Amino acid sequence: MPRLINSNLIVIVLLLCSSVIFADEPYYYSVPAERGDGIIALLNKYDLGEFQCNKDLFCQLNNISAEDQLIIDKEYTLPIKIYKYDGVSIRSTIGIDEYKRAVRIQTYNENILSKGLRKTHFKDSRILWVPHHELECLVIESIDPEVETKVLVKQIDKVEVSGEINKKVSSKDSKIRINKLFGKTYEEVPLVDNSLHNQVFYLVSGHGGPDPGAMCKECPDDMCEDEYAYDVTLRLARNLMQHGAIVHVIVQDENDGIRDEEYLQCDKDEQIYTGAKLPLRQLDRLKQRADAVNKLYYTYKKQRVISQKVIMIHVDSRAKDKRQDVFFYYYGDNKASKDLAHNMRDVFEQKYEYYQKGRGYKGYVDNRGLYMLRKTLPTSVYVELANIRNRNDHKRLIINENRQALANWLFEGLIM
């Protein structure tokens, strides 16, 4: 005799099934408005404010006008689509072919993570954030071998940035500069805002050329200080340029670019940004770098540029069992340099407390009379990223997401 099934139970089962199906579908992310949030401020917080299409969709999703005020603690839907990451690639997750668009989406997720707006990496949580402008606002098309993509292009002209000739792509909704120094994967530098307009940064990665700096020879592959310092330097340079800064990368290797491999190949072809070789003698190398910075400093000073900063990035070498958090040096009684070093340290302490709560952060600030700190004229800070011989510190260096996090946190410390 057939068993009778309660009709209410059928309805409940169907509803549960439909909710499971819906959970796998992309949906828009929502957040409560906080005190001080307006539409533009909220969108800028999530790196969405540059694109008009994001503003339009925000108003549409929340049924408000561009002039409306946001209500504190009320949930608002952002133009960010949430996808269930398939564990294979960003492209297969959202159904796109363009590699560089996928890289931009990955960078977006990592930037949002570094700002503390999401708590987990998308590869760990399997939750991918995709900003609306990457889905609807950008038109990607091939143009020539030198510039592989363009975004709603209206004009292409040449500008001088960091000693490089770069192509700038301008459009109604976006501005993208092509900087060959960052390599093919990262050469597109979208202008997020102009908050650092008319601020000059000199980034000096340690050692290079005939001097690899500190080394780990007992690692699976040789690790050279200059390669890891340079990679973080380029990532920091790109972050600064995204916000309109004038950035000079003083030591350069045109063959490297930003690299995502774990073990970065050691080489000796780095040069000063003018194209001159790095001298064999250490004191000559340091003088060459300080002179390059100071010459540019005087040029900008004549143009009445007020904000100029030097960041020197190194990797330390200590006993293998010595775990070393990121630490900072300044020189003498230079209050601006001392304050900047403490600002940067404070950012790292906050980040460690957030991402590794209870671990404790032991990075510090110290006064050191190092040549580059003594001889460069702008506000200067010297950074040591890790102990290259310590196995725990290796994770900070060999994992590309960690190198990006280092650059992101240095960036935040610079603009506090």
Side-chain angles (χ1 to χ4, degrees), residues 159-166 177 179 181-182 189 195-209 213 226 229-254 256 258 270-276 278-279 284-315 328-332 334 336-341 343-344 368 370-385 406-407 409-416:
V159 294
E160 185 77 18
V161 179
S162 300
E164 295 285 307
I165 297 295
N166 300 276
R177 284 179 174 175
N179 192 311
L181 195 61
F182 299 145
V189 185
S195 58
L196 299 179
H197 175 67
N198 218 30
Q199 295 190 39
V200 181
F201 296 86
Y202 308 98
L203 305 187
V204 188
S205 57
H207 305 276
D226 63 328
Y230 184 61
D231 189 77
V232 174
T233 296
L234 290 186
R235 292 172 188 271
L236 175 58
R238 190 172 184 274
N239 285 354
L240 291 165
M241 289 178 187
Q242 285 182 314
H243 296 272
I246 301 168
V247 183
H248 292 275
V249 179
I250 301 301
V251 177
Q252 300 184 358
D253 187 333
E254 63 180 16
D256 284 348
I258 295 173
E270 291 83 10
Q271 298 178 325
I272 205 75
Y273 83 97
T274 59
L278 302 184
D284 292 339
R285 287 196 304 274
L286 296 176
K287 185 177 185 303
Q288 181 189 54
R289 295 170 196 201
D291 288 349
V293 169
N294 292 340
K295 182 177 179 180
L296 289 166
Y297 170 82
Y298 282 122
T299 299
Y300 286 111
K301 188 176 181 181
K302 288 179 182 178
Q303 298 172 11
R304 298 185 178 180
V305 173
I306 297 173
S307 179
Q308 301 194 53
K309 298 182 178 73
V310 186
I311 309 301
M312 305 146 193
I313 298 179
H314 287 253
V315 180
F328 306 87
Y329 292 140
Y330 69 95
Y331 171 63
N334 188 316
S337 293
K338 182 178 180 180
D339 288 347
L340 180 58
N343 285 345
M344 298 175 81
R368 286 287 302 275
L370 301 173
Y371 184 96
M372 287 292 290
L373 288 172
R374 290 187 287 109
K375 296 297 185 179
T376 50
L377 296 172
T379 299
S380 303
V381 172
Y382 188 108
V383 184
E384 292 278 12
L385 299 176
L406 287 170
W409 299 354
L410 291 172
F411 168 79
E412 289 190 40
L414 282 171
I415 65 173
M416 280 183 67

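From a predicted model like this one, the values you see are computed outputs, not experimental measurements.
L234 contributes atom CG, which lies 11.0 Å from atom CG of N239 (distance to the nearest 0.5 angstrom). Here the straight-line distance linking atom CD1 of I250 with atom CD1 of I311 works out to 12.0 Å at 0.5 Å rounding. Distance check: D291 CG to D284 CG gives 10.5 Å after rounding to the nearest 0.5 Å. With rounding to the nearest 0.5 Å, the separation of NZ in K295 from CG in L377 is 14.5 Å. L406 contributes atom CG, which lies 10.5 Å from atom OG1 of T233 (distance to the nearest 0.5 angstrom). Between atom NZ of residue K301 and atom CD1 of residue I306 there is a gap of 11.5 Å, rounded to the nearest 0.5 Å.
Looking at heavy atoms from C-beta onward, M312 lies in side-chain contact with T376 at the 4.5 angstrom threshold. No side-chain heavy atom of Q271 sits under 4.5 Å from any side-chain heavy atom of E254. R235 is not listed as a side-chain neighbour of F182, based on a closest heavy-atom distance of 4.5 Å or more. V383 has its side chain out of reach of V232: every pair of non-hydrogen atoms, C-beta onward, lies at least 4.5 Å apart. Side-chain atoms of I313 and L410, non-hydrogen and from C-beta on, do get closer than 4.5 Å to each other. Counting heavy atoms from C-beta on, the side chains of P378 and K309 never come closer than 4.5 Å. At least one side-chain heavy atom of R289 sits under 4.5 Å from a side-chain heavy atom of M372.
The side-chain hydrogen bond (donor to acceptor under 3.5 Å, both in side chains) search around R368 returns Y329, not counting sequence neighbours. For D256, the salt bridge (charged side-chain N to carboxylate O under 4.0 Å, His left out) partners at least two apart in sequence or on another chain are R259. Judged as a side-chain contact (heavy atoms from CB on, under 4.5 Å), and not counting sequence neighbours, the contacts of D339 are K335. Every residue meeting the side-chain contact (heavy atoms from CB on, under 4.5 Å) condition with H243, not counting sequence neighbours, appears here in chain and number order: V192, D193, S195, L196, F411. Take T299 and apply the side-chain contact (heavy atoms from CB on, under 4.5 Å) test, not counting sequence neighbours, and it matches Q303.
The two residues A290 and Y371 make their nearest non-hydrogen contact at CB-CE2, 4.2 Å. Residues V189 and M241 come closest through the heavy atom pair CG1-CB, 3.9 Å. Considering all non-hydrogen atoms of both residues, A276 and Q288 come closest at CB-NE2, 4.0 Å. Shortest non-hydrogen contact noted between S337 and S380 is OG-N, 3.0 Å. Heavy-atom minimum distance, A237 versus V249: CB-CG2, 3.9 Å. Here the closest non-hydrogen pair linking D253 and Y230 is N-OH, 2.9 Å.
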For a quick test of your reading: what N or O donor-acceptor pairs under 3.5 Å do the side chains of residues 201-208 make, sequence neighbours left out?
from, atom 1, to, atom 2, distance (Å)
Y202, OH, Y297, N, 3.4
Y202, OH, Q308, OE1, 2.4
H207, ND1, D211, OD2, 2.6
H207, NE2, E225, OE1, 3.2
H207, NE2, E225, OE2, 3.4

Practice item. Test L286 against K375 for side-chain contact (heavy atoms from CB on, under 4.5 Å), laying out the working first. Key: CA-CA 9 Å; L286 296 176; K375 296 297 185 179; over 6 Å; no
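D226 places no side-chain N or O within 3.5 Å of a backbone atom of G213 that could act as its donor or acceptor partner.
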